[in-house]
Number of protein chains: 2
Amino acid sequence: MSANSETEAKIIQAARDVFLHKGKAGARLQDIADVAGINKALLHYYFRSKDRLYEKVFKQIVNDFLGEFLDSFSTDEDFRKTLKSFIDKYLTALSKRPEIVRFVMWEIKEGGVFFAEQAHGMFASRGFETIPLISVIQKAVAEGRIRPVDPVQLTISIIGMCLYPFIAQPLLEKIIPGLEVQNDDFLSQRSNEIFDLIWQGVGVA
Amino acid sequence: MSANSETEAKIIQAARDVFLHKGKAGARLQDIADVAGINKALLHYYFRSKDRLYEKVFKQIVNDFLGEFLDSFSTDEDFRKTLKSFIDKYLTALSKRPEIVRFVMWEIKEGGVFFAEQAHGMFASRGFETIPLISVIQKAVAEGRIRPVDPVQLTISIIGMCLYPFIAQPLLEKIIPGLEVQNDDFLSQRSNEIFDLIWQGVGVA
DNA sequence: GTCTATACATCGATAGAC
DNA sequence: GTCTATCGATGTATAGAC
């Protein structure tokens, strides 16, 4: 391959770093050029505009993250195990790459079309019509393994409980002294609390 | 009073509208001036800079929202009722002003110092050292009214479950066909599902 | 393909007349 | 107090030499 694709790869990699930490609006083409070790003009030579470069990079980042996560847990086990596994794997994936939460947040602010398209495509390519967790819960309800809850509502609850600490991380760590969202102890404790809450609630026996 | 303070009030009101919908970075002083019916120069005359104007407006918005919410529910009732009341009032407040969620999100991205300060002050002025819900849960655990959960973890779970639909609104409505976060039916259903989940979980009797 | 230089637009902030 | 005009900085995008 020519020097051509090497440079393109360098640019993509640099763009990932910068966009991930600064967001689309906050990122400067100059920064990306500096990190890539080239100059601004080359960015426009390879990718016509900032928008196009961003779109390409965004889809790649979401694809990598969501793909790795979706393939990390199976849905054909016992529901109880699937649920615990989902929570664990999701929290782990988030704590490994917390910048992605902010990154997707920026996108949602703009309407979230890229993410929605990408996610839908990745679900479809794995045989799901919507968020896989919804289907899993639907099945568990149909088989009478859990009480008849609304699968969409429960899915929103689970995702919200896992995601919120990362979304509000700087805030929570300021308001609740001693709290460290990315701390291993906190995360394993969080995993257990979410699972227990879903499974048995707080009601006394 | 002189025309002086009238203009100032008009500016503040215009700034609230614009900052609320565009965020700090996205807002243009020109937009604010247009909405207020004056010109950019006057903005600098009354408030030295965009930063100062933003800080003033931000604190006002958070103060109004959080103040109204904090005063809308009492903590000295039965825990069960307090919990249900918290969820209801929180969801209602959020659905009435969903732009505030995005607005605070922008602030968190910048570190969230303003919000943390403001919230802490408002908790303190009402006799709480931290998030009131934490204290309420602490008491319920101490009195044996619920099983011994970690109050901080449960609080994060509750807030996450209430807040997440509004944070991810555009995304959820794209990925889950037919879902309308601000729809009354969805919200009352959501309130019940959150409460039931917390109270008894999904485990079969 | 890769560079330098620069055009073009936007925005916050200031100067100065009234 | 309020306006018009403009500065200065920054950022995307392009022209043109090599």
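Note that the structure is predicted; figures quoted are calculated from it, not measured. Every chain is numbered from 1 and lettered A, B, ... according to where its sequence line falls, protein lines coming before strand lines.
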Inset, instruction - Please report, rounded to the nearest Å, how far the C1' atom of D:dT10 is from the CD atom of A:Q30. - result: 11 Å
Inset, instruction - Pick base, sugar-phosphate or nothing for A:A27, based on heavy-atom distances below 4.0 Å to the nucleic acid. - result: sugar-phosphate
Inset, instruction - Could you tell me the separation between the CZ atom of B:R48 and the P atom of C:dA13, rounded to a whole number of Å? - result: 9 Å
Legend entry - A:D196-A:Q200 side chain donor-acceptor pair, cut-off 3.5 Å: no
Legend entry - Among D:dT4, C:dA13, D:dT2, the nucleotide that comes nearest once only the side chain of B:A41 is considered: D:dT4
Inset, instruction - Verify the ring-centre separation between B:F103 and B:F19: is it less than 6.0 angstrom? - result: no
Inset, instruction - Send over the distance from B:Y46 OH to C:dG12 P, rounded to a whole Å. - result: 20 Å
Legend entry - Among D:dG1, C:dA13, D:dT14, the nucleotide that comes nearest once only the side chain of B:S49 is considered: C:dA13
Legend entry - Residue-phosphate contact under 4.0 Å: A:H44 side-chain N/O, D:dA13 OP1/OP2: yes
Inset, instruction - Check the distance between D:dG11's P and A:D34's CG and give it to me in whole angstrom. - result: 11 Å
Inset, instruction - Specify the separation, in whole Å, of atom CG of B:N39 and atom C1' of C:dG12. - result: 14 Å
Legend entry - B:T7 side chain near D:dT2 phosphate (N/O to OP1/OP2, under 4.0 Å): yes
Inset, instruction - Grab the CG-P distance between B:L29 and D:dT4 for me, whole Å please. - result: 16 Å
Legend entry - A:K40 NZ - C:dT6 C1' separation (whole Å): 10 Å
Inset, instruction - Could you work out which one of D:dA13, D:dG1, C:dA13 sits closest to the side chain of B:K50? - result: C:dA13
Inset, instruction - Using a 4.0 Å heavy-atom cut-off across all strands, classify A:L43 as base, sugar-phosphate, or nothing. - result: nothing
Legend entry - A:Y90/A:F69 aromatic ring centres below 6.0 Å: yes
Inset, instruction - Report the nucleotide, chosen from C:dG1, D:dA13, D:dC3, that has the shortest atom-to-atom distance to any side-chain atom of A:L42. - result: C:dG1
Legend entry - Between C1' of D:dG11 and CZ of B:R28, the distance in whole Å: 12 Å
Inset, instruction - Mind checking salt bridge (Lys or Arg N to Asp or Glu O under 4.0 Å) for A:R102 and listing every partner two or more places apart, or none if nothing turns up? - result: none
Legend entry - Polar contact flag, side-chain donor to acceptor under 3.5 angstrom, B:E173-B:Q169: yes
Inset, instruction - Using a 4.0 Å heavy-atom cut-off across all strands, classify A:A33 as base, sugar-phosphate, or nothing. - result: nothing
